[in-house]
Participant: 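Provided herewith is a single structure, encoded as structure tokens, for subsequent inquiry.
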2 protein chains.
Amino acid sequence: MSRSNPRVLSTLERAGGFASAQEVYRLMQREGERIGLTTVYRSLQSLVNDKIVDVLRRDDGEAIYRLCGEAHHHHLVCKSCGDTVEIEGGAIEKWAKVMAEEHGFREVGHTAEIFGLCAKC
Amino acid sequence: MSRSNPRVLSTLERAGGFASAQEVYRLMQREGERIGLTTVYRSLQSLVNDKIVDVLRRDDGEAIYRLCGEAHHHHLVCKSCGDTVEIEGGAIEKWAKVMAEEHGFREVGHTAEIFGLCAKC
DNA sequence: AACGGGAATGAAAATCATTTTCATTTGTGG
DNA sequence: CCACAAATGAAAATGATTTTCATTCCCGTT
């Protein structure tokens, strides 16, 4: 079993704590790192195993990774121009926790995105 | 744009309301239906557009479809066994509306899912 | 019944993320 | 310096999903 390449983790951190394997890879390429896609995948898997990062799924099925415990935020996305605003989601955290408890769920995480038309569009 | 093939919906119902496109296809084949995989995908997509079925993701990223009971709800999904509970999201509706207004967004929609380990797992 | 046009169909090819294979490189202890 | 295990990555394999495109089906009109 391979161990995680530290540069992958540091790139994920720099990405704002939310990126797919492909995105991490592209980011590293753009920054001149010499690394293979395979290693990126392996490192992310290993980080997930070690519970250092969480894995979620985008609507299109692509896996996205983010640092565990990192203060996470949500997104307000314009469906026309793609402009994105990071928003705070205290209400969601509470809602998720309550709902989970109510149904006996443990180790809960959540996703939440709002989309619409921004002021410009 | 194509409309849904009714046999796809009836097969999904018979499947217990929880199946991937591939599974629906295999099921129909096994039952002697003459249908193409493409049509299964197209029908399911169309059913999702019409909000007649919901689409979720398995841990491996495969999309699973099932009949949608109510109007608008959210999901509490077990990441181990895939068990799903439909939950009410009044708090989310309000949150989404407030956040959108705050940033000048119009025509907003949202997605929100909670995932964790259910009581059994 | 023959015709025409648009919708529906599906086989095959294309796409895309992810995994596997396998040969090569690297690092470390002896 | 050597041997050997771990790490790496290019390329091929996999598997779901989408696209392409030629064919078939349906339906109203002549």
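Computed over heavy atoms, backbone and side chain alike; hydrogens, waters and symmetry mates excluded. Convention: sequence-line order gives letters A, B, ...; per-chain numbering from 1.
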Participant: Sequence neighbours excluded, which residues qualify as side chain to side chain donor-acceptor pair (under 3.5 Å) partners of A:Ser10?
Facilitator: A:Arg14
Participant: Might you list the N or O atoms of the protein lying below 3.5 Å from N or O atoms in nucleotides 15-21 of chain D, with each pair's distance?
Facilitator:
from: D:dT17; atom 1: OP1; to: B:Ala63; atom 2: N; distance (Å): 2.9
from: D:dT17; atom 1: OP2; to: B:Tyr41; atom 2: OH; distance (Å): 2.6
from: D:dT17; atom 1: O5'; to: B:Tyr41; atom 2: OH; distance (Å): 3.2
from: D:dT18; atom 1: OP1; to: B:Gln45; atom 2: NE2; distance (Å): 3.2
from: D:dT18; atom 1: OP2; to: B:Gln45; atom 2: NE2; distance (Å): 2.6

Participant: Return the value, rounded to whole Å, for the distance between atom CZ of B:Arg34 and atom P of D:dT24.
Facilitator: 14 Å
Participant: Under 4.0 angstrom, heavy atoms only, what part of the nucleic acid is B:Arg58 near: base, sugar-phosphate, or nothing?
Facilitator: nothing
Participant: Whole Å only: how far is the CZ atom of A:Arg3 from the C1' atom of D:dT8?
Facilitator: 14 Å
Participant: From CG of A:Asn5 over to P of C:dT25, roughly how many Å is that when rounded to an integer?
Facilitator: 19 Å
Participant: Test of understanding: with side chain to side chain donor-acceptor pair (under 3.5 Å), list the residues that count as partners of B:Glu102, not counting sequence neighbours.
Facilitator: none
Participant: With sequence neighbours left out, write down each residue that passes salt bridge (Lys or Arg N to Asp or Glu O under 4.0 Å) with B:Arg7, or none if nothing qualifies.
Facilitator: B:Glu33
Participant: Without decimals, in angstroms, what is the distance between B:Glu33 CD and C:dG10 C1'?
Facilitator: 15 Å
Participant: C:dA11 C1' sits how many Å from B:Gln29 CD, rounded?
Facilitator: 13 Å
Participant: Taking all heavy atoms of A:Phe105 and all of B:Gly116, pick out the closest pair and write down the distance.
Facilitator: CD2-C, 4.0 Å
Participant: Indicate whether the side chain of A:Gln29 and that of A:Tyr25 have a donor and an acceptor atom separated by less than 3.5 Å.
Facilitator: yes
Participant: Have a look at the helix from C:dA1-D:dT30 to C:dG30-D:dC1 and give the angle its two end axes make, five pairs each, rounded to 10 degrees.
Facilitator: 10°
Participant: Whole angstrom is fine here: how far is it from CG in A:Asn49 over to P in C:dT19?
Facilitator: 11 Å
Participant: Looking only at heavy atoms, what is the nearest atom pair of B:Ala21 and B:Tyr41, with distance?
Facilitator: CB-CE2, 3.4 Å
Participant: With the side chain counted from C-beta on, respond yes when A:Lys97 and A:Lys94 share a heavy-atom pair under 4.5 Å apart, and no when they do not.
Facilitator: no
Participant: Taking only residues two or more places apart in sequence or in another chain, which ones pass side chain to side chain donor-acceptor pair (under 3.5 Å) with B:Glu101?
Facilitator: none
